[in-house]
Amino acid sequence: MSQEHGKDWMGAPLPRKEDRRLLTGKGKYVSDIVIPGALHAVFVRSEYAHAKILSIDTMEAEELEGVERIYVGEQIKHTIKSMPQPIVQPNLPAHYPTFWPLAVDKVTFHGEPVALVIARNKYIAEDAAELVFIDYEELEPVLDPEEALKPDATIIHEKDGTNEIFSMTFTGGDTEESQAENATEVEQIFQNAPVVIKERFKTHRTGITPMEPRAILCDWDDSDGLLAYITTQRPHIDRLALSDILDISAEKVQVIAPRDQGGGFGIKAPFYRENIIIAYAARDLEQPVRWVESRYESLMNVGQERDQINDMEIAADLEGNLLALRNFGLADNGVGTVGVYWGFVMPFLGAIELPNGYKWPKADIRLKVATTNKACLTPSRAFGHFPTRFAIERCIDMVAHKIGMEPSELRRKNLVADLPYTSITNEYYDSGDFVKVWDTLLEKADLTNFRLEQKKALSENKYVGIGFGCGVELSGVASELFVPMENQPGFGAATVRLDPRGKVQVFGGDAPGGQGHETTTAQVVASEFGISPEDVIITTGNTGSTPFGSGSVGARMGSYFISAVAEACRQLKTKITKILAHDLQLEASVEHFEFKNGEVIYLGDDSQRSSFLSIVERIIMFPINMPEGETGGLDVTSFFEAAKPMICFNADCCVVEVSLDTGDFKILKWITAEDVGNVINPLIVNGQMHGAIIQGISNTVFEEFVYDEQGQQLTADFEHYKMATAADVPNININYATTPCPHTPLGTRGIGEGRPSSVPGALTNAVCDALRPLGIEITTLPLRPDAIWQKIQEASH
Amino acid sequence: MYPAPIHRYSRPLTLEELYALLNSNDDDVLVLAGGQSAMQAVKSRMLRPSHVIDLQALSELKFIRTKKGTLTMGAMMRYVDIVSSDLIPLELAALQDAASRVGDRQVRNRGTIGGSLCWNYSAACTPATVLALDGKINLISQGGSTRQIAADDFFLGPLETARSESEILLSVDFKLRGAKSGSAYKKWGLITDALPVIGMATCLHFDNTDRCKHVRIALTGLANGAERCTAAEAVLAGTDISAEKITQAMSAACEEVSTYSDSIATAAYRHQLIKTIGSDVLNIAKKRAFGLA
Amino acid sequence: MAKIAIRINGKLFQEDIPERMLLVDFIRESANLTGTHIGCTYEGVCGACTVHLDNEAVKSCMLLAAQADGHDITTVEGLAQGGELTALQEAFKSEHGLQCGFCTAGILMNMTDFLKQHPNPSEQEIREGLIGNLCRCTGYVHIVNAVLKVVQENQLKKA
């Protein structure tokens with residue numbers, strides 16, 4: 001492998017470096033890490049959605065043999081700072097609820113942590129947890145976001161005086177006056193428009209639960225401080241948060257996200273209250289403490305997103321030009337007691353991304369986010385815009401049908417054609433060719449032929465349909481958005497370190513969970529230096545050894561991190577070639593050399609060359625006779641910040657067959673077209689697309705978090721929270737329609753984060769298209785056979 | 001997540017050893033077969049056995065025998081064994097329909113017919129299938145004395161059977177009716193092979209005028225668990241099980257049971273499932289009875 | 001406490017354990033083989049804990065360790081022999097059948113058994129065979145491709 005051409009690594013479907021250890025059971029996830037003597041923690045959690053805590057009796061539990069300590073809110077509230085804390089608080093105006101790691105005075109959702117039991121092993125800890133007796137006085141739970149905002153509603157966080165945690169208008173400028181003026185102008189358009197569709201779209205509570213639940217293992221040493229292994233996408237942020245909240249000087253806090261994590265998808269991006277108290281306990285007890293979340297806890301507490309109502313209107317003319325968009329979004333936030341996102345940041349971004357890839361001359365987009373007695377929303381892939389995409393992609397189809405136009409044609413007509421482009425909500429689309437992507441999809445979809453087949457099928461009493469959707473997705477998050485949204489920077493940072501044996505070490509502060517960063521990074525470095533990916537080692541997620549990274553969120557890898565890697569490599573190549581030129585007595589600089597096949601070759605005379613190994617060794621180990629001003633060493637940390645925010649774009653088409661008898665449907669085909677910029681490893685990128693689309697299907701159809709009228713959550717195991725198995729989902733056909741990104745050194749784009757968002761619209765559009773003869777429009781998720789069958793019954797009577 | 005403390009684990013090699021263990025007056029004994037349902041209850045602490053008696057070594061409970069027109073299946077026959085057995089005639093195909101789609105293949109490598117019948121979960125496949133096939137359940141008690149109880153009398157309600165704590169389910173007898181007999185089982189859940197929201201089993205036997213002399217239909221998935229659809233049976237008895245009769249029968253079945261709505265399906269949809277699944281199993285059973293499937 | 005002896009990947013582990021200890025914990029903690037994972041609570045649905053008990057795929061979280069006393073267990077660590085990956089493991093690598101790897105051990109153990117029982121399955125049969133293993137990352141597409149690759153290789157070998 002070391003002898004192969006450097007340049008071929010870009011675009012190579014290289015099997016992953018990660019795989020061998022994972023295939024042979026040698027991966028090391030947080031729950032695999034052993035610190036001898038570690039105690040085990042189990043949380044006692046609220047059984048009620050809303051209740052006063054009258055008393056907590058821990059006596060019997062404490063007396064159980066093997067129990068080390070039990071903590072409750074009343075004790076720790078004096079010794080642990082409450083939230084909110086600036087480090088995990090956005091720069092957005094909102095009512096941030098006060099809370100501690102354990103419930104104080106009252107509980108506000110079914111599953112809230114109330115007490116923490118620490119014992120010798122996890123079996124005893126669970127025994128003890130059962131012996132903690134809590135006396136509650138039940139309060140009326142607030143479970144509906146519309147009810148929550150009514151003037152007579154019970155206020156959940158009394159200090160805030162309201163259940164409206166956040167609200168914002170995203171169009172018409174920054175002042176109330178300009179927004180009101182905009183609203184009037186938009187209303188005028190709706191009054192005069194030949195075509196208006198007005199609908200309420202509802203998306204249910206669902207999200208992207210990863211297969212590995214949360215875990216944390218903390219060790220405390222009086223000299224070194226706190227060491228925390230955490231299942232986290234953002235170790236650097238977690239470190240600052242633990243330092244600030246527990247008053248441990250930052251140099252004494254180290255957070256390690258192990259290189260093996262069982263998926264994140266946003267669920268491991270927030271800063272969780274459990275992490276605070278486990279770290280606290282480790283310091284308090286001066287013993288290592290481990291907490292491994294059960295699936296039950298996971299489904300009770302995290303992975304819930306997308307819970308939203310969108311009252312949407314679209315105005316268009318009879319030629320299919322979109323004239324205006326009006327949307328009032330109402331998100332059901334749950335209690336909001338999760339750091340970094342507080343639940344509402346997701347619908348916030350969802351509102352910004354609402355316009356999608358279409359040109360809107362005018363829009364009036366508003367959002368309210370309501371607090372309810374449910375688990376706080378936590379990020380899920382397609383962060384915040386799964387519900388708004390569902391709404392807009394459905395609404396556009398309804399507009400097309402009203403006009404009598406093919407939905408794919410109406411989309412094409414209104415796609416943003418000239419980039420860069422600033423959307424009506426001020427989102428910047430830096431580059432790309434949406435129409436090219438759309439045309440690539442259309443070619444594969446063969447719509448004309450499908451319509452013939454559809455007609456034939458109908459004559460045989462079979463109902464098949466085709467549905468389209470698209471998505472403009474974040475390619476990384478620029479600081480100009482990240483700072484207000486999450487009080488964090490968006491730059492990518494990478495340290496690239498060459499060693500005297502010609503091997504390369506790369507250090508990155510983000511923390512992947514299966515996306516193949518090790519391999520992708522190795523391919524880029526190998527390509528830059530003309531060496532083998534085998535010679536490149538990546539360290540991620542360790543705050544003690546990596547540069548600051550805001551985390552593996554928002555598709556930062558292919559946009560920001562890898563760009564920093566490339567820049568660092570190029571700086572090193574500049575230095576290497578300067579010194580080599582000096583040694584060879586050539587007037588030459590980096591553009592006169594080629595790095596290939598483990599050698600550095602002068603293009604003007606290829607007899608002038610050096611092996612990569614020997615020039616690197618020379619510069620590090622034998623730095624004498626150097627050019628003026630140059631020192632030894634080959635170690636660079638580079639920071640990449642794009643001038644403006646960047647995007648990627650994708651389009652979906654699916655074909656379904658629906659049974660009229662049962663409302664059951666089968667996905668016969670799923671085709672995509674993607675602009676992901678230049679592709680480094682197509683195997684990995686394909687895998688990202690497959691995973692995202694299947695997640696989108698599973699969320700749309702099968703998965704739902706259900707709360708009953710008392711606020712009891714009923715879906716905290718996999719029997720009740722149904723995730724798609726391999727037998728429930730189709731194959732996916734991925735196609736590329738690439739426009740290299742002009743703003744990144746490699747022309748790459750960050751991909752995969754927003755990808756599920758176009759799925760609910762495309763799939764529901766296909767079902768509605770199949771049932772077009774019955775005039776059925778579906779505006780509520782989940783997309784279940786029962787709901788479809790009900791609509792069929794209503795249409796037939 | 002983890003079981004409550006268990007004080008004793010036993011693995012008897014013979015039925016005699018098993019009785020001795022049952023005789024020891026232990027409180028909270030769990031007799032464990034495949035454990036695919038029981039262990040869920042033990043891990044969630046719904047069950048807190050002090051003593052677990054593991055039946056895995058009782059090879060005398062793992063068999064299929066046919067004698068004098070009766071097929072007897074031992075309690076410890078696993079789903080995977082039932083699916084792969086050559087000894088199950090087509091007329092009992094409903095057993096294989098059910099067994100082949102319980103849970104997943106890992107579950108089928110452990111779960112047993114005896115365990116499923118004794119557990120009698122309201123959304124299980126095997127109890128309804130055995131009910132439709134008019135299975136006779138053989139129980140043995142500590143003295144060695146046996147009794148046989150019809151499936152109709154064995155299933156008393158969700159998680160409740162006529163087996164007393166000192167009895168073990170030994171085997172199930174199925175009378176073979178011979179030619180022109182057919183059976184089938186089918187279920188619907190939100191995802192493939194999920195626990196049934198509605199599952200239906202039927203057993204048909206036609207006389208030499210091709211009229212249905214014997215029909216049993218059983219339903220699973222509703223609050224009562226495995227139950228007979230006697231109104232539907234009455235509509236079909238003595239008929240040729242035509243499409244029209246099936247529709248009539250399934251309407252009768254719907255009227256006979258009350259359904260409910262939850263987040264997975266509405267009451268009306270559950271009725272619709274009874275109609276569509278019922279129709280499917282009756283047609284399949286009929287085809288099998290006439291050698292057409 | 002119960003005294004048990006379980007052979008795991010050919011090595012005998014003897015220990016006094018609490019009767020209530022789950023087999024998956026015995027494997028992960030007593031035998032220090034952490035390749036087998038826990039992904040759900042009591043429901044036994046996710047399949048990440050799948051191992052072989054006497055050469056059949058079972059969920060190790062749904063068994064007491066005591067139930068495996070006297071039996072042979074194979075875990076993912078026991079698939080590759082002498083450092084050489086099995087054909088299935090190689091296929092997962094070449095087809096990119098894993099991303100985060102958390103479900104992978106369970107899938108490898110299930111599919112290794114599945115292919116022995118069904119050497120020439122259809123794609124639909126493979127998908128149904130995978131019902132007992134949840135995967136969140138891959139969307140199953142490449143996993144099915146990996147299994148199909150082994151099936152094709154085996155068919156070619158026969159021919």
Side-chain angles (χ1 to χ4, degrees), chain B residues 1-11 13 26 28-57 78-81 83-84 100-111 115 121 189-195, chain C residues 1-4 17-25 38 40-71 106-107 109-118 121 124-134:
Chain B
M1 176 101 197
Y2 296 106
I6 297 171
H7 298 109
R8 194 169 167 200
Y9 168 86
S10 312
R11 193 192 294 180
L13 300 175
D26 263 332
D28 302 319
V29 175
L30 171 69
V31 178
L32 189 61
Q36 299 304 285
S37 298
M39 281 303 289
Q40 288 180 331
V42 169
K43 286 166 68 178
S44 69
R45 300 196 176 197
M46 190 184 113
L47 288 181
R48 293 165 186 261
S50 177
H51 181 185
V52 171
I53 301 176
D54 186 347
L55 298 180
Q56 65 168 275
R78 302 172 302 165
Y79 297 115
V80 67
D81 301 322
V83 171
S84 61
S100 62
R101 291 195 176 274
V102 171
D104 52 61
R105 60 185 307 276
Q106 292 100 309
V107 166
R108 296 192 284 273
N109 281 338
R110 296 290 307 169
Y121 184 60
L190 185 60
I191 56 175
T192 311
D193 291 355
L195 289 169
Chain C
M1 298 292 270
K3 204 186 200 73
I4 64 168
I17 51 126
E19 285 85 350
R20 63 170 167 170
M21 188 185 210
L22 299 176
L23 177 59
V24 66
D25 284 333
I38 298 173
C40 65
T41 325
Y42 46 75
E43 63 266 42
V45 169
C46 82
C49 67
T50 304
V51 299
H52 290 178
L53 180 102
D54 297 340
N55 294 316
E56 288 177 323
V58 298
K59 293 174 187 172
S60 62
C61 78
M62 295 296 277
L63 285 154
L64 298 170
Q67 287 177 272
D69 179 26
H71 290 276
I107 292 187
M109 298 317 294
N110 185 17
M111 286 293 104
T112 300
D113 174 36
F114 172 80
L115 287 170
K116 268 201 227 115
Q117 304 300 322
H118 308 277
Q124 182 60 25
E125 284 169 337
I126 293 170
R127 284 179 174 275
E128 289 182 6
L130 284 165
I131 285 174
N133 294 91
L134 295 177

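It should be emphasised that the depicted structure is a prediction, and the values quoted were computed from it without experimental measurement.
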**OP:** Could you look at B:Tyr2 and say if it's the side chain, the backbone, both or neither that has a heavy atom under 4.5 Å from chain C?
**Re:** side chain
Original post:
Considering only heavy atoms, which portion of C:Thr50 lies under 4.5 Å from any heavy atom of chain B: side chain, backbone, both, or neither?
Top reply: side chain
Subject >> Note, B:Tyr121 side chain near B:Ser37 side chain (heavy atom, < 4.5 Å) >> reply: no
Original post:
Under the side-chain contact (heavy atoms from CB on, under 4.5 Å) test, which residues partner C:Asp113, sequence neighbours left out?
Top reply: B:Arg105, B:Asn109, C:His52, C:Ala57, C:Gln117
**OP:** Identify which part of B:Ala4 has an atom lying under 4.5 Å from any heavy atom of chain C, answering side chain, backbone, both or neither.
**Re:** backbone
Subject >> Best-contacting candidate, B:Arg78, B:Arg108, B:Arg45, against chain C by heavy atom pairs under 4.5 angstrom >> reply: B:Arg78
Subject >> Under 4.5 Å from a heavy atom of chain B, the part of C:Cys61 involved >> reply: both
Subject >> Region of B:Gln36 that comes under 4.5 Å of a non-hydrogen atom in chain C >> reply: both
Original post:
Where on C:Asp25 is there a heavy atom nearer than 4.5 Å to chain B: the side chain, the backbone, both, or neither?
Top reply: side chain
Subject >> Rounded distance [0.5 Å steps], CG in B:Asp104 versus CG in B:Asp193 >> reply: 8.5 Å
Subject >> Top contributor to chain B contacts, counting heavy-atom pairs under 4.5 Å, from C:Met1, C:Arg127, C:His71 >> reply: C:His71
Subject >> Side chain B:Gln40, main chain C:Glu43, donor-acceptor under 3.5 Å >> reply: yes
Original post:
Does a side-chain heavy-atom distance below 4.5 Å link C:Asn110 with B:Gln106?
Top reply: yes
**OP:** Check whether any side-chain heavy atom of B:Lys43 lies under 4.5 Å from a side-chain heavy atom of C:Met62, and answer yes or no.
**Re:** yes
**OP:** Using non-hydrogen atoms and a 4.5 Å limit, figure out which bit of C:Leu53 sits close to chain B: side chain, backbone, both or neither.
**Re:** side chain
Subject >> Rounded distance (nearest 0.5 Å) linking atom OG1 of B:Thr192 with atom CD1 of C:Ile131 >> reply: 5.0 Å
**OP:** Under 4.5 Å heavy-atom distance to chain C, tell me which part of B:Leu32 shows up: side chain, backbone, both or neither.
**Re:** side chain
Original post:
Sequence neighbours excluded, which residues qualify as side chain to side chain donor-acceptor pair (under 3.5 Å) partners of B:Ser10?
Top reply: B:His51
**OP:** Using non-hydrogen atoms and a 4.5 Å limit, figure out which bit of B:Val42 sits close to chain C: side chain, backbone, both or neither.
**Re:** neither
